[in-house]
Amino acid sequence: RMAFVLPPANGKFIHAGGLALHYIKDGVSTAPPLLLIHGLLASTDAYEKVRARLAAKYHLFILDLPGHGYSDKRDDFSMTLADQAATVAAFMEAVGLTKASVAGQSMGGGISLVFAARYPEKVDKLVVIDSISYPFKMSLKGRLATIPVLGSFLVNKLYNRKILELFIKDEVYYDASLASANEVDLMYAHFNTPAARRAMHRALVHLADVSWLATDIKKIRAETLVV
């Protein structure tokens, strides 16, 4: 749908870490800065339901991660948590943020953990929501996507809107009734390009083993809220 092809009117673009990154800036410019990081397959829209409430208290920066939303989807970007955290650091430098509180959800939470561990000088407070952290059992849809050769074929050729809808309702929302058709359409529109599908596949492969993340978590010193 054309409405999903064009970036939102309040969206901005900036070059950071060799990538064109899309983001939304909102809130009070003199308020404490808060950077929001979405999860796998999501975009800046993931925080739309709470954006107005947060904007009343914070200077908000909501980022489309590489391979997601309207940001670059380059095949030479690894999609590892570490490289995505490095991109977040480059983004903050590009927009002139020396330090901010950071909140991340799901994969975005994992990126936030790595970011807080490796760039402590940039993090005021940390919030992780339903975050990637310690080793976990992937769903069948996720595990199939990580199988060599077969996984790439499934993600690039067979994963359709219905499968994405089941993923959102079964694994994203606690209450499946909250997942609207419009939200599914938006997520599928962002996913359903060859470059985006390849990026999602690379991300899933890297998420299959997060045992190393415990080492980073132990290094975090920022005041942290786990939700």
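Everything quoted here is computed from the prediction, not taken from an experiment.
In plain terms, the two heavy atoms of Ala196 and His190 that are nearest each other are CB-O, 3.2 Å. Counting all heavy atoms, side chain and backbone alike, Gly69 lies closest to Ser43 at CA-CB, 3.9 Å. Here the closest heavy-atom approach between residue Ile132 and residue Val210 is recorded as CG2-CG1, 3.8 Å. A pairwise comparison of heavy atoms in Gly17 and Ala90 identifies N-CB, 3.6 Å as the closest pair. When all heavy atoms of Pro33 and Leu97 are compared, the pair lying nearest together is CB-CD2, 3.6 Å.
Interatomic distance, Ser133 OG to Leu213 CG, rounded to the nearest 0.5 Å: 7.0 Å. One finds the OG atom of Ser71 at 10.0 Å from the CZ atom of Phe77 (value rounded to the nearest 0.5 Å). Here the CD1 atom belonging to Ile168 is positioned 7.5 Å from the CG atom belonging to Leu41, to the nearest 0.5 angstrom. The CG atom of Leu19 lies 11.0 Å from the NZ atom of Lys73; values are rounded to the nearest 0.5 Å. To the nearest 0.5 Å, the span separating NZ on Lys157 from OG on Ser152 amounts to 9.0 Å. Taking CG from Leu140 and CG from Asp170, the interatomic distance works out to 11.5 Å, rounded to the nearest 0.5 Å.
Pairs of residues two or more places apart, or lying in two chains, that qualify as salt bridge (charged side-chain N to carboxylate O under 4.0 Å, His left out) and include a residue from residues 216-227 are Arg118-Asp216. Residue pairs satisfying the ring pair (Phe, Tyr, Trp, His ring centres under 6.0 Å) criterion with at least one member in residues 119-142, sequence neighbours excluded, are listed as follows: Phe115-Tyr119. The salt bridge (charged side-chain N to carboxylate O under 4.0 Å, His left out) pairs that include a residue from residues 51-68 are Asp26-Arg51, Glu48-Arg51, where partners are two or more places apart or lie in different chains. The list of ring pair (Phe, Tyr, Trp, His ring centres under 6.0 Å) pairs with a residue in residues 21-68, not counting sequence neighbours, reads Phe13-His22, His22-Tyr70, Tyr23-Phe91, His38-His68, His59-Phe61. Counting only residues at least two apart or on different chains, no ring pair (Phe, Tyr, Trp, His ring centres under 6.0 Å) pair has a member in residues 193-225.
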Show your working on side chain to side chain contact (heavy atoms under 4.5 Å, CB included) between Met107 and Leu65 and close with a plain yes or no. CA-CA 10 Å; Met107 183 186 75; Leu65 292 166; 3.9 Å; yes
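Looking at Asn182 and Ser180, their side chains never bring a donor and an acceptor atom within 3.5 Å of each other. Between the side chains of Ser106 and Asp130, no donor-acceptor pair is found at a separation under 3.5 Å. Between the side chains of Glu183 and Tyr173, at least one donor N or O sits under 3.5 Å from an acceptor N or O.
By the salt bridge (Lys or Arg N to Asp or Glu O under 4.0 Å) test, Lys99 is found to be paired with no residue, residues two or more places apart in sequence or in another chain being considered.
When the options Val88, Ile62, Ile129 are evaluated for a side chain to side chain contact (heavy atoms under 4.5 Å, CB included) with Ile37, the one that passes is Val88.
Remark: side-chain polar atoms of Thr146 are not paired, donor with acceptor, to backbone N or O of Val205 under 3.5 angstrom. Under a 3.5 Å cut-off, the side chain of Gln84 and the backbone N or O of Ile111 do not form any donor-acceptor pair.
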